[in-house]
Protein chains: 2
Amino acid sequence: MKEAPTRKEQIEEKATALFKEKGFSATSMRDLATVLGIEAASIYSHIRSKEEILHRICFRMAHEFFQAIDAAEAAGTTAAERLTEAIKAHVQVITKNTEASAVFLNEWRHLSEPSHSEFLSLRDKYEGRFREIVRTGVQNGEFQVPDEKFAALTILSGLNWLHTWYKPSGKMSPNDIAENLSAMLLNGLKINK
Amino acid sequence: MKEAPTRKEQIEEKATALFKEKGFSATSMRDLATVLGIEAASIYSHIRSKEEILHRICFRMAHEFFQAIDAAEAAGTTAAERLTEAIKAHVQVITKNTEASAVFLNEWRHLSEPSHSEFLSLRDKYEGRFREIVRTGVQNGEFQVPDEKFAALTILSGLNWLHTWYKPSGKMSPNDIAENLSAMLLNGLKINK
DNA sequence: CCTACCGATCGGTAGG
DNA sequence: CCTACCGATCGGTAGG
């Protein structure tokens with residue numbers, strides 16, 4: 001049973017769609033008001049500023065990604081298993097929140113200070129979690145990579161285009177997608193190994 | 001010997017940096033004028049509109065990517081070789097034009113019709129070139145992938161984060177980077193193959 | 001949640 | 001390339 005969303009949640013939801021589609025700067029409060037069926041001034045009864053909406057979206061998503069990887073890292077024993085789980089977790093967060101993920105990935109630069117720096121620091125910490133899994137794998141002989149940071153960022157960027165095309169109605173389920181991505185990133189394209 | 005840039009080229013160059021940093025919508029013609037040391041109105045002696053600048057950046061980069069992959073595809077005999085060359089070519093275009101690449105990748109959605117559709121169609125054609133290499137590799141037994149389109153897009157997205165961190169002064173050269181990316185994407189992380 | 005409105009800023013033009 | 005300016009629109013506030 002889904003509870004009826006509060007007005008504030010409705011505002012955030014519609015704003016997320018607009019921010020993804022047109023970008024934060026190109027989305028006006030009048031655009032948002034039109035979609036909500038109210039006047040622009042009325043939005044300010046529920047939120048303090050346009051940036052507050054962006055802030056809430058970005059930091060909520062950051063929180064979701066951390067929660068997901070916390071669970072994932074506890075799951076596996078080998079580095080390969082933990083990386084596979086981390087990939088699956090990341091894919092699940094994106095596929096469950098495609099629009100918010102797009103905003104999280106593309107619009108954070110419109111946060112002003114100090115939120116901007118805080119966001120970047122969170123993102124860096126999250127990347128560090130992947131880096132750490134890769135490092136362990138290299139140390140115990142499971143992985144072979146040119147550079148741990150480089151590898152972690154390549155993996156993440158290989159996951160982060162998902163929001164551009166994923167549709168719940170598609171033929172691949174989130175778990176299918178995660179498996180395919182893990183296979184590609186862990187084993188590569190080549191057949192003779 | 002580099003020729004002195006025309007005013008139009010200077011405008012494009014400064015606009016590229018601003019569009020990358022602040023985004024197209026959040027960049028005003030006054031911002032651009034300030035950087036150029038002239039008045040906003042004076043910019044219009046050289047360009048027709050703000051969008052024209054974006055258009056020129058996006059389509060020039062599209063052209064660069066196509067030129068690069070044309071050369072790359074002629075080079076190799078096996079699919080693996082051609083993919084490696086295509087990756088190298090793509091990396092070279094990005095590392096030579098980090099700011100314009102960022103604009104090409106992130107700001108194209110602010111193009112109005114019909115440019116918007118034309119751009120997407122070019123991008124799709126470019127992705128098709130990678131898809132085609134992957135397909136050949138699968139057909140002749142070199143590659144094993146879950147889905148050709150999926151694989152091509154994962155590869156490209158694994159290359160397209162480069163513009164966010166590459167600096168010419170860094171310790172990896174563009175060729176080092178290309179080799180590392182090819183190794184990761186073709187062979188995967190795992191050591192026991 | 002609305003009406004009424006604010007000062008600031010936007011992309012762009014006219015005319016030199 | 002500048003001065004002078006346009007109408008439109010922006011995020012946001014006052015007061016109910």
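First the proteins, then the strands, lettered A, B, ... as listed; each starts at 1.
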Could you state the NZ-C1' distance from B/Lys50 to D/dT9, rounded to the nearest angstrom? 13 Å
If you pin A/Ala41 and A/Ala26 to their nearest nucleotides in DNA chain D, which one's is more 5'? A/Ala26
By nearest atom, which of the nucleotides D/dG12, C/dG11, C/dC1 is closest to the B/Ser28 side chain? C/dG11
Hey, is A/Arg135 close enough to A/Glu132 for a salt bridge, meaning N to O under 4.0 Å? yes
Options C/dC1, D/dC1, D/dG11, nucleotide nearest the side-chain atoms of A/Arg30: D/dG11
How close or far is atom P of C/dT13 from atom CD of B/Glu52, stated in whole angstroms? 12 Å
Check whether any side-chain heavy atom of A/Trp108 sits under 4.5 Å from a side-chain heavy atom of A/Leu120, and report yes or no. yes
Tell me: OH of A/Tyr44 to P of C/dC2, nearest whole Å? 14 Å
Within-4.5 Å side-chain heavy-atom neighbours: B/Pro146 and A/Met184: yes
Send over the distance from A/Ile43 CD1 to D/dG12 P, rounded to a whole Å. 10 Å
Report yes if at least one side-chain N or O of B/Arg7 is closer than 4.0 Å to OP1 or OP2 of D/dC1; otherwise report no. yes
Measure the distance from NE2 on B/His46 to C1' on D/dC1 and round it to the nearest whole Å. 8 Å
Could you check which of D/dC2, D/dG12, C/dC1 has an atom nearest any side-chain atom of B/Ser42? D/dC2
Any ion pair linking A/Glu85 and A/Lys88 (charged N to carboxylate O, less than 4.0 Å)? yes
Pair partner, D/dA14 [Watson-Crick or wobble, under 3.5 Å]: C/dT3
Distance in angstrom units between A/Asp31 CG and D/dT9 P, rounded: 11 Å
Taking the side chain of B/Ser49 as heavy atoms from C-beta outward, which of D/dG12, D/dC1, C/dG12 is closest to it? C/dG12
Side chain of A/Ile38 only, please: which of C/dC5, C/dT13, C/dC1 is the nearest? C/dC1
Nucleotide D/dG12, atom C1' - distance to CD1 of A/Ile47 in whole Å: 10 Å
Give a yes or no on whether a salt bridge exists between A/Arg109 and B/Glu21, defined as a side-chain N under 4.0 angstrom from a carboxylate O. no
Under 4.0 Å, heavy atoms only, any strand: does B/Thr27 hit a base, just the sugar-phosphate, or nothing? sugar-phosphate
Atom-pair distance (CZ on A/Arg48; C1' on D/dT13), nearest Å: 16 Å
Nucleotide of C/dC1, D/dC2, C/dC5 approaching B/Glu39 most closely (side-chain heavy atoms): D/dC2
Measuring from the side chain of A/Ser45 (C-beta onward, heavy atoms only), which nucleotide among C/dG12, D/dT13, C/dC1 has the closest atom? C/dC1
